[in-house]
Undergrad: 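Below is one structure. I have some questions about it.
Values below: every heavy atom of this structure, side chains too, minus hydrogens, waters and symmetry copies.
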Amino acid sequence: MVYRQEKGFAHQQVALSVGIQQMVESEAAGVMFSLDTENGFPDVVIINGAWGLGETIVKGSVTPDRFMVYKPLLEKPGKRPIIEKQPGNKQLKMIYASRHHKDDPGNGQTVVLATTEQERCALVLSDDEILQLARWAVIVERHYGCAMDMEWAKDSQGLYLVQARPETVESQKKQAVLVNYSLKEKSTLLLEGASVGSAIATGQVFLINDPHQTDQFPQGAILVTERTDPDWVPLMRKAAGIITDTGGPTSHAAIVSRELKVPAIVGTEHATRSLTDGQAITLSCAGGTVGQVYEGILRYDTQQVNLDEIPRTQTAVMINAAMPDGVFRWWQLPVDGIGLTRIEFMISSQIRVHPMALLHPEKVTDPAVRQTINQLTQGYAYPPDYFIHHLAMGVGKIAASQYPKPVIVRMSDFKSNEYRGLLGGEFFELHEENPMLGLRGASRYYHPLYREAFKLECQAIVKARQEMGFDNIIVMIPFCRTTGEADKVLDVMAEAGLKRGENGLQVYVMCEIPSNVILADRFAQRFDGFSIGTNDLTQLVLGIDRDSAELKPLFDARDDAVKEMIAQVITVAHQNGCKVGICGQAPSDYPEFAEFLVNCGIDSISLNPDSFAKGCQQIALAELKYPINTAGHE
């Protein structure tokens with residue numbers, strides 16, 4: 001009734017029926033959508049699941065497992081395009097009473113039990129079952145001709161699809177307008193959980209356990225509770241944001257929050273214990289699937305982008321990406337691919353372990369570090385597979401956001417001090433006086449201290465390209481100082497199964513060292529393209545530490561010396577049949593820099609997503625001014 005009132009349906013015109021259906025004695029069950037419910041991205045299937053009957057997921061009393069599958073590659077023979085497998089805590093399960101008490105028929109009653117440690121650690125679906133459900137989702141969506149919200153169950157006999165109805169939130173949104181939220185400041189991180197919506201909310205915490213206390217709840221407060229059910233809807237309408245202890249992206253709290261367009265963070269596990277009544281907080285769902293709760297009222301920006309007003313350009317305009325969680329937010333932007341994927345962020349935030357510590361755990365002598373690594377890699381018979389699996393999933397998800405358009409993945413470019421910050425890193429990294437100019441980029445890939453780990457990076461790319469099917473991935477090598485170094489790196493890649501030219505693999509090189517420009521013709525014989533990194537190139541051309549606060553006024557990619565280098569490499573690369581793009585910070589920071597790049601005839605410009613609309617306008621204006629230099633662009 002509340003839904004009908006909210007959507008304007010007349011009660012007398014709605015006919016209800018009663019469906020009679022055989023009950024599945026579910027060992028596991030869950031919910032499935034044929035699009036991404038957070039941003040409307042139409043090319044994925046989202047699956048949530050928990051042990052027992054599906055009621056615990058809908059009620060939000062458990063945080064379920066979450067799976068994501070890329071639909072367009074499901075029909076390619078031999079491809080397994082699973083791009084996310086996120087375990088939930090699954091602390092409870094609802095089962096038939098007769099299964100719990102074998103000598104009691106139960107009279108159709110159910111009981112809720114705590115799951116075992118083994119159940120909490122195990123995923124409820126195998127890869128084959130995930131793919132089977134995803135294929136069914138595609139069939140159902142095709143049959144009804146719209147995005148679908150489905151429920152599934154699994155017993156000892158197999159999988160069942162038990163319900164299907166149209167998805168009514170993301171699929172109905174006006175796709176021509178995109179609203180971006182971004183925090184202008186940060187403070188102490190209090191909590192994290194699954195984000196619902198992509199907005200930001202600020203306000204005071206109001207802890208509440210009784211949904212009938214509507215009158216006490218102040219308009220615009222942040223509702224904090226263990227979980228919600230239909231009785232909570234009137235109260236949820238008054239909230240600026242919602243935070244729950246339990247539940248996943250398909251729990252009641254999440255579904256209603258989407259309907260009400262109220263940002264929510266669910267499954268935080270201890271919000272009701274960590275937050276206090278009246279506490280001022282900021283709730284941010286702007287960073288992807290993981291939402292954050294910060295101390296205090298923080299300032300934030302909103303940017304409304306009308307997609308119809310973004311001009312199309314002859315120069316390819318791409319975006320930079322780092323975290324898989326937030327990449328689908330940008331699917332509506334008319335981009336030409338991803339010009340820079342930084343895998344360091346995936347390694348530091350999702351994998352967290354130094355790859356050499358996985359290859360040689362015997363060298364990690366700190367018991368606490370070893371215990372943490374063992375917990376993270378639980379379920380992997382061969383610990384390095386943990387690294388390969390998570391990196392492949394992350395890269396695959398980013399590649400899915402633009403498939404079949406090119407996605408350039410830069411191999412790791414941590415410095416030794418940054419690698420030391422990973423779990424176990426202290427046992428494998430050098431202490432360098434100047435890590436910025438030390439063992440970084442290409443020099444690590446063939447070095448005895450890291451060669452084995454680089455092969456794990458390569459194997460993750462092989463998995464994403466060949467097993468998952470994302471052959472739009474282009475590999476890029478950073479900080480390659482000499483052509484001899486380039487040859488060594490290409491040899492190591494080939495040993496690990498990544499051979500330039502095989503299965504359509506292209507390999508680019510970052511152009512960020514003067515030697516890359518001076519010997520551009522020789523680098524062009526070894527690589528398929530160049531991508532200009534303005535930060536390091538500016539640092540090394542002008543001799544300025546890019547992190548120096550004192551010299552910051554001198555650090556400018558628009559300096560004539562840097563621009564001469566950029567113009568030179570574009571000319572030489574084109575003479576040798578190589579494409580040239582730019583992925584550095586300068587075009588995002590200085591949109592007028594685009595005019596210079598277009599005049600030089602650059603093939604592609606990669607921008608930060610929030611700079612995309614403005615950047616396209618600058619590029620379009622520059623192309624009108626220099627039509628000859630863009631005439632050959634596709």
Undergrad: For R273, what residues pass the salt bridge (charged side-chain N to carboxylate O under 4.0 Å, His left out) criterion, not counting sequence neighbours?
TA: none
Undergrad: Dump the intermediate steps for side-chain contact (heavy atoms from CB on, under 4.5 Å) on L189 and Y294, then the final yes or no.
TA: CA-CA 5 Å; L189 179 63; Y294 294 101; 3.9 Å; yes
Undergrad: Could you tell me whether the side chain of I200 reaches within less than 4.5 Å of the side chain of L183, counting heavy atoms only?
TA: yes
Undergrad: Any pair with a residue in residues 40-64 that passes salt bridge (charged side-chain N to carboxylate O under 4.0 Å, His left out), sequence neighbours left out, goes on the list, sorted by first then second residue, please.
TA: none
Undergrad: In Å and rounded to the nearest 0.5 Å, what is the CD to CD1 distance from E151 to I57?
TA: 9.0 Å
Undergrad: Tell me which pairs pass side chain to side chain donor-acceptor pair (under 3.5 Å) where either residue lies in residues 14-24, with sequence neighbours left out.
TA: none
Undergrad: Within the distance-only criterion (no hydrogens, no angle test), does the side chain of D65 pair as donor or acceptor with the backbone N or O of G88 below 3.5 angstrom?
TA: yes
Undergrad: Hey, does I265 have a side-chain heavy atom less than 4.5 Å from the side chain of L283?
TA: yes
Undergrad: Checking D336 now: which residues fulfil side-chain contact (heavy atoms from CB on, under 4.5 Å) with it, not counting sequence neighbours?
TA: A316, V317, M318
Undergrad: Check whether N89 reaches the backbone of T63 with its side chain - one donor and one acceptor, N or O, closer than 3.5 Å.
TA: yes
Undergrad: Measure across A164 and V140 and return the closest heavy-atom pair with its distance rounded to 0.1 Å.
TA: CB-CG1, 4.0 Å
Undergrad: So, T228 side chain and A253 main chain: donor-acceptor pair closer than 3.5 Å or not?
TA: yes
Undergrad: Taking atom CD1 of I130 and atom CD1 of I82, what is their separation to the nearest 0.5 Å?
TA: 4.5 Å
Undergrad: Is any side-chain N of the basic residue among E119 and K93 closer than 4.0 Å to the acidic one's carboxylate O?
TA: yes
Undergrad: Examine the side chains of S412 and E457 and answer whether a donor and an acceptor come within less than 3.5 Å of each other.
TA: yes
Undergrad: For T225 and T244, indicate whether the former's side chain and the latter's backbone hold a donor-acceptor pair under 3.5 Å.
TA: no
Undergrad: Sequence neighbours excluded, which residues qualify as salt bridge (charged side-chain N to carboxylate O under 4.0 Å, His left out) partners of R142?
TA: E75
Undergrad: K90 side chain to R120 main-chain N or O, any donor-acceptor pair under 3.5 Å?
TA: yes
Undergrad: Taking all heavy atoms of A240 and all of G220, pick out the closest pair and write down the distance.
TA: CB-O, 3.3 Å
Undergrad: Is the side chain of T272 donor-acceptor paired with the backbone N or O of E226 at a distance under 3.5 Å, no angle test?
TA: no
Undergrad: Report yes or no: does N374 contribute a side-chain atom to a donor-acceptor pair with the main-chain N or O of T377 at less than 3.5 Å?
TA: no
Undergrad: Show the nearest heavy-atom pair for residues I461 and V409, with the distance to one decimal.
TA: CD1-CG1, 4.0 Å
Undergrad: Only counting residues at least two apart or in another chain, list the ones meeting side-chain hydrogen bond (donor to acceptor under 3.5 Å, both in side chains) with H212.
TA: D210
Undergrad: At their closest point, which heavy atom of A271 faces which heavy atom of D245, and how far apart are they?
TA: N-OD1, 2.8 Å
Undergrad: According to salt bridge (charged side-chain N to carboxylate O under 4.0 Å, His left out), who are the partners of R135, at least two apart in sequence or on a separate chain?
TA: none
Undergrad: Any carboxylate oxygen within less than 4.0 angstrom of a Lys/Arg side-chain nitrogen, looking at D127 and K85?
TA: yes
Undergrad: Are side-chain heavy atoms of L376 and L423 found at a separation under 4.5 Å?
TA: yes
Undergrad: Hey, could you give me each pair passing ring-ring contact (aromatic ring centres under 6.0 Å, His included) that has a residue in residues 109-138? Not counting sequence neighbours.
TA: none
Undergrad: Who are the side-chain contact (heavy atoms from CB on, under 4.5 Å) partners of S126, not counting sequence neighbours?
TA: D128, E129
Undergrad: Are W331 and N39 side-chain neighbours, meaning at least one heavy-atom pair lies under 4.5 Å?
TA: yes
Undergrad: Please tell me if the side chains of V111 and I95 come closer than 4.5 Å, counting only heavy atoms from C-beta onward.
TA: yes
Undergrad: Please collect all salt bridge (charged side-chain N to carboxylate O under 4.0 Å, His left out) contacts where either partner lies in residues 385-396, sequence neighbours excluded, each pair once.
TA: none
Undergrad: Would you give the length of the straight line joining atom CE of M94 to atom OG1 of T110, rounded to the nearest 0.5 angstrom?
TA: 4.5 Å
Undergrad: Flag the pair V69 / L74 as yes when at least one side-chain heavy-atom distance between them is below 4.5 Å, and no otherwise.
TA: yes
Undergrad: Please report the C-alpha distance between T282 and V293 in whole Å, then the side-chain angles of each, then the deciding distance to 0.1 Å, and finally whether the side-chain contact (heavy atoms from CB on, under 4.5 Å) criterion is met.
TA: CA-CA 6 Å; T282 296; V293 180; over 6 Å; no
Undergrad: Got a second to check how far S401's OG is from F41's CZ, nearest 0.5 Å?
TA: 6.5 Å
Undergrad: Measuring from atom CG of L133 to atom CD1 of I47, what distance do you get when rounded to the nearest 0.5 angstrom?
TA: 5.0 Å
Undergrad: If you count the non-hydrogen atoms of other residues, nucleotides and ligands that lie under 6.0 Å from CZ in F345, is the total more than 12?
TA: no
Undergrad: May I ask you to say whether R237 pairs ionically with E6, meaning some side-chain N is under 4.0 Å from a carboxylate O?
TA: yes
Undergrad: Would you say L123 and F67 make side-chain contact, with heavy atoms under 4.5 Å?
TA: yes
Undergrad: Identify every side-chain donor-acceptor pair in residues 464-471 under 3.5 Å, counting partners at least two apart or on other chains, and give the distances.
TA:
{"residue": "R465", "atom": "NH1", "partner": "D471", "partner atom": "O", "Å": "3.2"}
{"residue": "R465", "atom": "NH1", "partner": "I473", "partner atom": "O", "Å": "2.7"}
{"residue": "R465", "atom": "NH2", "partner": "N503", "partner atom": "O", "Å": "2.5"}
{"residue": "E467", "atom": "OE1", "partner": "K463", "partner atom": "NZ", "Å": "3.4"}
{"residue": "E467", "atom": "OE2", "partner": "K463", "partner atom": "NZ", "Å": "3.1"}
{"residue": "D471", "atom": "OD1", "partner": "Y403", "partner atom": "OH", "Å": "3.4"}

Undergrad: Measure across P64 and G49 and return the closest heavy-atom pair with its distance rounded to 0.1 Å.
TA: CB-O, 3.3 Å
Undergrad: Using only atom types and a distance under 3.5 Å, with no angle test, would you say the side chain of R329 pairs donor to acceptor with the backbone of A286?
TA: yes
Undergrad: Go through W51 and T56 one step at a time and tell me if the side-chain contact (heavy atoms from CB on, under 4.5 Å) criterion holds.
TA: CA-CA 9 Å; W51 298 115; T56 55; over 6 Å; no
Undergrad: List the residues meeting salt bridge (charged side-chain N to carboxylate O under 4.0 Å, His left out) with E502, not counting sequence neighbours, and say none if there are none.
TA: none
Undergrad: Working note: I243 + I222, criterion side-chain contact (heavy atoms from CB on, under 4.5 Å); need CA distance, chi angles, decisive distance, verdict.
TA: CA-CA 7 Å; I243 304 172; I222 305 292; 3.8 Å; yes
Undergrad: Looking at G52, is its backbone amide N or carbonyl O close enough to the side chain of K154 to form a donor-acceptor pair, meaning the two atoms are under 3.5 Å apart?
TA: no
Undergrad: Between L359 and Y382, is any pair of side-chain heavy atoms under 4.5 Å apart?
TA: yes
Undergrad: In Å and rounded to the nearest 0.5 Å, what is the CD to CG distance from E269 to L191?
TA: 10.0 Å
Undergrad: Please report the shortest heavy-atom distance between M32 and L161, naming the atom on each side.
TA: CE-CD1, 3.7 Å
Undergrad: I'd like to know if the side chain of S34 reaches the main chain of M148, judged simply by a donor and an acceptor atom lying under 3.5 Å from each other, with no hydrogens or angles considered.
TA: yes
